[in-house]
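These notes concern the structure reproduced below.
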Amino acid sequence: MDSINLNAFAENASRLGLRIQESISEHTRDLNITRGAGNIFDMADDKVKNIGKQLDSSSDREKLDAMKRLIALISKGRNVSNYFPQVVKNVASQNLEIRKLVYIYLLRYAEQEPDLALLSINTFQKDLADPSPLIRAMALRVLSGIKVPMITSVVVLAIKKCAADTSPYVRKASALAIPKCYELDSSQQPTLITVIQSLLCDRSPLSIGSAVTAFEAVCPTRLDLLHLQYRRLCRILVDVDEWGQVDLSNLLMRYARTMLPKPIVSQDQDSNEEVDPDLQLLLSSAEPLLQSRNPAVVLAVTRVIYYCGPPSYGAKIVKPLLRLLGMSKAIERVTLVYIHKIVRFYPILFSSHYMRFFLRSEDAREVKKSKIQLLMGITTLDNYQAILRELIDAAEDVDDEVVGSAIHAIGFCVQLLPSTTPQCLSALTSLIKTKHDIVVSKAVVVLKSLVQNQLSSSATNTEVLQSPISIVSQLAKRVDDIRHFEAKACVIWLVGQYCATQGGSGVVEGVADWAPDVLRKSAKTFASENVTVKLQVLSLAAKLVALSPAHKTIGQISQYVFDLGRYDMNYDVRDRRRMLVALLSGISEYVTDEDSDATSQGGIVLRREQVIRVLIDGKAGVLEIERPDVGQHLIGSLSLVTGKDMQGDEILPEWLESGIDPSLRQVEEETTIKVEAPRAISSHRPSNSAPTPVVLTEASAHPQEKKDWRNLDDFYAENEEEGGQEQSEEEESDEEDEEESGDSEDEDEELGTEDSEETEDGESEDHLEHDSSNHVNHTVESI
Amino acid sequence: MAIDGLIILDSTGRPIIQSGYTSYPPGYPILHVDALNTELSKCARAKDVDPVIYVGPGIGDLRGSACCHVEVGGMRILASVSRDADPLVAFAFLQAFVDVLVDYFGTVNAATLKDNFDTVYQLLEETLDSSGHPLTTSPNALRDIVLPPSLITKLIASIAPSGPSPASGRTGAGSLAGAGAGAAFASPIPWRKAGVRHNHNEILFDVVEDMCATIGRNGATLSSLVWGKIECNAKLSGTPDLTMTFTNPTVMTNCAFHPCVRLQRWSRDKVFSFVPPDGQFVIAEYQYGPPHGALSGNVPVPIAFKANVTTDENEGSFTLTISSKLSTKPMENVIIEHYLGEDSTGAQCSTSSSGTGLGTVGGAEGSWMYDHHKHVLRWEIPNLTTSGSWSLRGSWTSKSKTPRPDRTYSIKFDIPSYTFSALKVDQLRLSSEAYKMYKGVRGRSKGSIEWRW
């Protein structure tokens, strides 16, 4: 009995336990959802099994949950394409949130499941007629994003339909769909071009940016399509959205370089500039955008001005570009490269702003290096003092690469402005006295080329001549402190090259006092030196022997060095030694070659003067310290920033000899265009908004609007068949919009009275007080 | 000229969220993630990582590409670009995207993004076209399209048992139009929502000025600039058309504006004429041009600092003194940092102050610490009053025989209710709407000075 009871009890207990567990898990799942999607993101794998079941469920909540899980899996890089059939079923869901997630899923996997993706097409086609512009735009976006070649004709139809939509947002979506459709099927190009043309005529600035993108993708070379639109596009540039401004500026720049005459600068003293009125229009429309908060826009306008503008416009881009430097570290990094490119051709623009390029220790390495290069580029007689001081400071940076470029730049300074030589040399010699190996070695290498240049170029100028020799002597005395092999090799080379003296005033005849000691010291450490140093030590020994063949000690030390070189592990060293010994064998009794006794007596033996010629003369070639290369890439291209060819295909068009006939751009509608921007912006104003017009660009109305449109139509009917057809479509839609145009006239009247309203308002002036006492809260003044 | 895709990485370098990359080889995003992680591990100091990293060509792709990345809230957001793309567009977009995230979630870090990853995906879809062109990045327009997560929507979602979602429930009749769909795209002004209603109309401005200066070792100011930013928080109903005038607009030079500001009015009358977006935005940025801007246009630095540093074998010692030059406002959160070099191993210091009127209670003397990971010595003074001076005396040790500390001290400070430019708003007029509004302006300043010794 007892045992049975016990069994029953245990069974009940375990059942109860299961129940509790179940209900707890039920509850926690609810809790999870309340807390957010975080746990969905990091869910355990066993939950994945349920997704299929959830997608088939009738509950929106379950479906939403499943879609979120799917997106989370995509995020983790899993392939979840096997759920495609179940997801497609939900494409017509009534819940907008589910739908958006379904769209995201579809766009990622439709390419892999073209047949199943076709199932969803119907829904999208239906959605294209939805009253909400958001749904229409989304439907087109997804439709064009499904990369199934079979549906191109459907997509083209949809694009055409949406391009004539009443909502500018949908027209924008239609423009965005064009490049995708073209990518799928390039044979649709003619149709798409006509759509692009109509979109470029759009009266709302909203969709212009995307239309330009489509133009660049489908028919980038058909700049002739822009003739009639050019002036209008220039005028509405300021009203286009930020990202559109970037694309539109680039397009207009290309148009100007291809179609307009180059600005002519006369060579007179007053250097008059002759700028084509159409180019002037582009420049003056773009210029206000230099005040954009978006760095990409500022750069796009900079490109327009830099590549199209006359020199007098150059000064306008300076301050906005300098402003970009303060925006963020990353933007500073990129902008510096662009400024550097500009500085290469117009150093004068930035030379008075040199303080802006002083190094900050918080700068990244790349930024510091670009700043140094920039400083090199803008050095002039007026600012070199400050720049040189900055470079010397920079040479004490903690980053070796930065130190290297700073010292290199100091050397460049001398080359650019020879009058700075004494300062630069003293700066470099003081750097050699520092304790940091890297600094010393870099300084020595630059010093070497400077000394070499000085001695070879200004041999007549004895005043300057004296100082480099004394530098060599200083280096010679410090040879022990110089540890870096490259630097040491430089010093030894310099010593050998410039130790010759006239007359026998010194201890050793024909050789400066400090030279033999260098040989002695290096002979001691010869065995442990780097190959580069060994080669230079051998050369030094040979030079000294050639200069002073009779001196016993030099001869003996040299023989010691040559002996070491003979048995060196490196064959370059052995070869060098063999050559030098052979050269010297005729002039010094101390240097002999054991090998040659028997075999090579027959060779030519040079005289001492000849040996000196071979060893020392003709080596003092002028070494150019090079400017860093800026490459051929355009401002605003990735290649310029990475310093590598990214194989982009953007080419700056060359100016034409003379521009094309400006009458091609002559549009009689021109006068009417001015009012278009404001009209379009306010045409879809909801009824509940305030009556005051919102005018993006202030402009005046023109009474002859309608007549001009008629004239334009006539113009097209006569001249172009294809274009005329399309323009008449345009005309139709225009007449449909007549109500709106009536609206716009009203608004323009109101605009005229706006000023007087303001003055009325002005009577009750409300002054804002600056808060000075309480900084925790805003001081709020009630009125 | 486009962005190939966008990836958000958590602090360990694992991707959390990434855009489609559908037209690229499958390995393409991984190449970029790897390139970034390699570069990050290579650089000893995080600041040295180049923001633009060249990524070599992958298998089956002959072109190289590049990865532009920024750090946000402990995460890295990277944008892949290739060919002719302008990295500046990528960075501008990353900035705009981060601004949108901040607008939606308040704080941006890995946890919030994981919690709201579905919203982030939707935002990504709306802000970056699959062809790589940025679309809508104005928060006002986005809020109509992608619903921001709020506690209420979440609660409703979890409470309502398997019924129709609140969105479709509300609109009812037939049309799909959810909560967003009806209002979306209805606004005539791209940056402002249509039909905004506030019970309490108010607009608040914050003038924030940031000084960025470098002082040479002789104590002379090498460069000193002040960048100003006017932040605005507008909660106004309808379509308010505002005109803001200043008593001294000339202190603002080299300005940049939010698209809502009419540029013509500014260049003609030096007034801000605008219809603001709803919510927070930066209306303008400017550079403070001092009135008697000498040749350099340098703004005087508000602190006096002296550093005496000597280095020896395996060690170094220093004495630092700092005091304020402002006569009216105290400075807060003064932080002085010095990078002691990769070889430094530790530091020992003592703080003192004199004539400050604060005594030594409550850490008024400041505190110091040495960060072994970054090799940075950090000295903090919570409140730098207008009188008195603070000093820090100490020494550090180094593994290297020749210690190589950084040649600059970096000094950061905040000055509440103070602006360098003394920019003053004269009046703010509202036309086109009839209601009264509350208005407020306040200023604050901060600075970052590098002082070479």
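These values consider heavy atoms only, across backbone and side chains, with no hydrogens, waters or symmetry-generated copies. Every chain is numbered from 1, with letters handed out A, B, ... down the list of sequences. Here the structure is a predicted model, which means the values were calculated and not measured.
- Considering only heavy-atom pairs separated by less than 4.5 Å from chain A, the leading option among B/C43, B/S448, B/P29, B/G341 is B/S448.
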* Going through the distances and angles, do B/D129 and A/K180 end up as a side chain to side chain contact (heavy atoms under 4.5 Å, CB included)? -> CA-CA 11 Å; B/D129 183 55; A/K180 292 163 201 159; 2.9 Å; yes

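- Proximity to chain A involves both the backbone and the side chain of B/I16, based on heavy atoms less than 4.5 angstrom apart.
- The shortest distance between side-chain heavy atoms of B/W227 and A/R323 falls below 4.5 Å.
- Heavy-atom distances place the side chain of A/E242, and not its backbone, under 4.5 Å from chain B.
- The candidate from B/R217, B/R444, B/E342, B/Q18 with the greatest count of non-hydrogen atom pairs under 4.5 Å with chain A is B/R217.
- Highest contact tally toward chain A, considering only B/Y21, B/Y286, B/W266, B/F93, is held by B/F93 [criterion: heavy-atom pairs under 4.5 Å].
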* Yes or no on side chain to side chain donor-acceptor pair (under 3.5 Å) for B/Y121 and A/S75, after CA distance, side-chain angles and deciding distance? -> CA-CA 9 Å; B/Y121 267 102; A/S75 213; 2.7 Å; yes

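- Remark: side-chain polar atoms of A/R293 are not paired, donor with acceptor, to backbone N or O of B/A284 under 3.5 angstrom.
- Using a 4.5 Å heavy-atom threshold, the side chains of A/V238 and B/Q264 count as separate.
- For the residue pair B/Y409 and A/S361, no side-chain donor N or O sits within less than 3.5 Å of a side-chain acceptor on the partner.
- If you tally non-hydrogen atom pairs under 4.5 Å between each of A/V334, A/L176, A/I98, A/L638 and chain B, the highest count goes to A/L638.
- A heavy-atom distance below 4.5 Å is not found between the side chains of A/N294 and B/H258.
- When side chains are defined from C-beta on, B/D118 does not count as touching A/M67, because their heavy atoms never get closer than 4.5 Å.
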* To do: With side chain to side chain contact (heavy atoms under 4.5 Å, CB included) as the test, would you mind laying out the steps for B/T119 and A/K100 before giving the verdict?
  => CA-CA 10 Å; B/T119 315; A/K100 279 185 180 164; over 6 Å; no

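- Between the side chain of B/R404 and the main chain of A/D397, a donor-acceptor pair closer than 3.5 Å is present.
- A/L101 approaches B/Q122 most closely through the heavy-atom pair CD2-NE2, 4.0 Å.
- Taking each heavy atom of B/P190 and A/Y169 in turn, the nearest pair found is CA-OH, 4.1 Å.
- Applying the side chain to side chain contact (heavy atoms under 4.5 Å, CB included) test to A/T335 and every residue at least two apart in sequence or in another chain returns A/L321, A/L324, A/L325, A/I331, A/I339, B/L88.
- Look at B/R452 and A/E396 and you find no salt bridge, because none of the NZ, NE, NH1 or NH2 atoms lies under 4.0 Å from a carboxylate O.
- Per-residue counts of heavy-atom pairs under 4.5 Å with chain A were compared for B/V70, B/T137, B/V49, B/I17; the largest is that of B/T137.
- Between A/W243 and B/L135, the closest heavy-atom pair is CD1-O, 3.3 Å.
- A/K68 places a side-chain heavy atom less than 4.5 Å from the side chain of B/F117.
- Interface remark: A/P179 contributes no atoms to any contact with chain B (heavy atom separation under 4.5 Å).
- In terms of the side chain to side chain contact (heavy atoms under 4.5 Å, CB included) criterion, residue partners of A/R333 (sequence neighbours excluded) are, by chain and number, A/V337, A/E366, A/V367, A/V641, B/D50, B/P51, B/V52.
- For A/R389, no part sits under 4.5 Å from any heavy atom of chain B, backbone or side chain.
- Counting heavy-atom pairs under 4.5 Å between each of A/E390, A/K172, A/E216 and chain B puts A/E390 at the top.
- When each of A/K329, A/E97, A/R141 is checked for heavy-atom pairs under 4.5 Å with chain B, A/R141 comes out on top.
- A heavy-atom distance below 4.5 Å is found between the side chains of B/C212 and A/R360.
- Between B/D86 and A/Y338 the shortest heavy-atom distance is OD1-OH, 2.5 Å.
- Both the backbone and the side chain of A/K319 come within less than 4.5 Å of a heavy atom in chain B.
- The candidate with the highest count of non-hydrogen atom pairs below 4.5 Å against chain B, out of A/I635, A/T213, A/T642, is A/T213.
- Panel note: side chain B/E450, backbone A/E362; a donor-acceptor pair is recorded below 3.5 Å.
- Heavy-atom pairs under 4.5 Å with chain A peak, among B/S138, B/P87, B/S223, at B/P87.
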* Asked: Given A/M355 and B/L225, is the side chain to side chain contact (heavy atoms under 4.5 Å, CB included) satisfied, shown in steps?
  -> CA-CA 10 Å; A/M355 314 91 74; B/L225 299 164; over 6 Å; no

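- Of the residues considered (B/T214, B/I53, B/T311), B/T214 shows the highest number of contacts with chain A, using heavy-atom pairs under 4.5 Å.
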